[in-house]
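Chain identifiers are assigned alphabetically (A, B, ...) following the order of the sequence lines, protein sequences preceding nucleic acid strands; residue numbering begins at 1 within each chain.
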2 protein chains.
Amino acid sequence: MNKQVTSDGTVGKALELLDMVVAFGRSVRFSEVLEVSPYPKATTHRLLQTLTNQGMLAFDDERHVYVPGMRLVRIARHAWNQSSLGPLALPFLQTLAADVKETVHLAQMEHGRVVFVEKTTPDEGFKTMATPGRRSPAHCTGVGKVMLAFMDDTRRAAALECQTYEAFTPNTHKSEKTLLPELAQIRAEGVAFDREEHEEGIISIAAPILGGSNRVIGSLSVVTSTFRMSLKDIEKFRPALQRTAAQIGGEAAVWPYPIAQ
Amino acid sequence: MNKQVTSDGTVGKALELLDMVVAFGRSVRFSEVLEVSPYPKATTHRLLQTLTNQGMLAFDDERHVYVPGMRLVRIARHAWNQSSLGPLALPFLQTLAADVKETVHLAQMEHGRVVFVEKTTPDEGFKTMATPGRRSPAHCTGVGKVMLAFMDDTRRAAALECQTYEAFTPNTHKSEKTLLPELAQIRAEGVAFDREEHEEGIISIAAPILGGSNRVIGSLSVVTSTFRMSLKDIEKFRPALQRTAAQIGGEAAVWPYPIAQ
DNA sequence: TGCAAAGTCCCGAATAGTGGAACAAATGTT
DNA sequence: AACATTTGTTCCACTATTCGGGACTTTGCA
């Protein structure tokens, strides 16, 4: 089992480029892709052509830009409905957000990183870095730490391998040294706190979503800012948070969602 | 230029399998994939492994099934927001549906086939069986014919190449012989009608959505059944339909959406 | 426990991907 | 309008990668 996995073969390279193009979040020119592509010009070009041929990208030959293609869009629609917790969890999130009157995040884990799947704000609150579809590191977020804490040992080991320990604030964990003990504590407590580890002024309380066989399939958090509440204050969200996480987990148990890894 | 495009290289094969797995719409076992895979067991297995490695699929090693992976889900979220007309057009669809009190379909074209992107029904929200993400032939649907009619000659030629002329009802076009004249007429009229060509009892009126440079990026239709209305009746939807299509096109003009092909 | 079916792995042959470099097209500049 | 520069596309010999028959291992069921 490859632990790091960067690319296997042409398929890996092509998907890497696809990911890059899509991640731009807008239409891109060939040269822009080339700049971030680790492959030589000819190769990059050919791979993009292949992806375009396959309908995963579309090339606008008037503006000379690449955009996600219809085939990807179609697959996207299926994959989203089928494998993201989003559609299933959204009603629960809304109830919770209305209940606690704070922002609620739903996340899943991809290869040691947190993917924000859905987000609900009760009012039009402040904005955080999290946007649905965005990826963040796991070591510095409530949703990330709680998933790490509750996944099984093998997966956790693999996920920890991928952590970069990038320091976003003074509170960010700098290495396993401090992270591992906290994970143990989170496991004991059942919830994780983000103590301004990703963004200054932003704190959260997070609970794991456990599917069948108690495997972690995602996590849920209530997010707020230090201007409005303290770490102590947000502890009161715990019952509602855990109840909602359990409800989502119950709904999801019958369906094999991807396991956090 | 490959006209049919079934596979270029490994990447094509891998994507083909990915498409198949996702199209199942549920978790699948290896043997199920193998059944529909055109490749030998060893190859199919290796490709699925690669996709799993890449996070495009996830393998549940407890239930021994493949599901769409987190990476695909993340890419999906991006691609959907960026390249489907769905998010942008949804409010307009809802207004139109409420206005005409009938079901409204939004479609885009992928390689000569119609992809239903969004669907709104006036009364009960948007909970219908015909899941968005479904593909249908173009020759027998209002949304399909109207896109064929308005796309440029090169693209139309390519798209027509892909038509199967499968006969769903007695009214379905059986060949270019009858389809081409109708396309000319649709071009002249500005709208297309589905005269029970896909499903008996189902009729629709469809208008093209034109983006920048008047290129077809999608289409819109009002759908109803012959039990409620006649072909003559639905002509009255034309003004609202065309107005909505123009509004969506206007919104979309500044952003390079994939062109119908 | 045993056996059929499902899933995984191996390795030589040959196909398909690679990327430097030349070419072409679009864009900018004098 | 002619030239320079940047951007995008094609070619082709080389070789790393994929292919897939078949053997092996694991799983599920009787």
If I take atom CG in residue Leu17(B) and atom C1' in nucleotide dC19(D), what distance separates them, rounded to the nearest angstrom? 14 Å

Sidechain N-carboxylate O distance under 4.0 Å for Arg215(B), Asp152(B): no

Inspect the contact between Asp60(A) and Arg29(A) and indicate whether a charged nitrogen and a carboxylate oxygen are less than 4.0 angstrom apart. no

Contact boundaries on DNA chain C for chain A, cut-off under 4.0 Å to non-hydrogen atoms: dG17(C) to dG20(C)

Would you indicate whether the side-chain heavy atoms of Leu72(A) and Val22(A) approach each other to under 4.5 Å? yes

Are side-chain heavy atoms of Glu16(B) and Gln54(A) found at a separation under 4.5 Å? no

Under 30°, 30 to 60°, or over 60°: which ring-plane class applies to Tyr66(A) and Phe59(A), parallel, tilted or perpendicular? tilted

Under 4.0 Å from OP1 or OP2 of dG20(D): is there any side-chain N or O of Thr43(B) that close? yes

How would you list, by chain and number, every residue that makes a salt bridge (charged side-chain N to carboxylate O under 4.0 Å, His left out) with Arg156(B), sequence neighbours excluded? Asp153(B)

Aromatic ring proximity, centroids under 6.0 angstrom, His105(A) and Phe116(A): yes

Is the distance from the ring center of His64(A) to that of Phe30(A) below 6.0 Å? no

Nucleotide-resolved protein contact map, nucleotides 6-11 of chain D, B/S/- at heavy-atom distance under 4.0 Å: -SBBB-

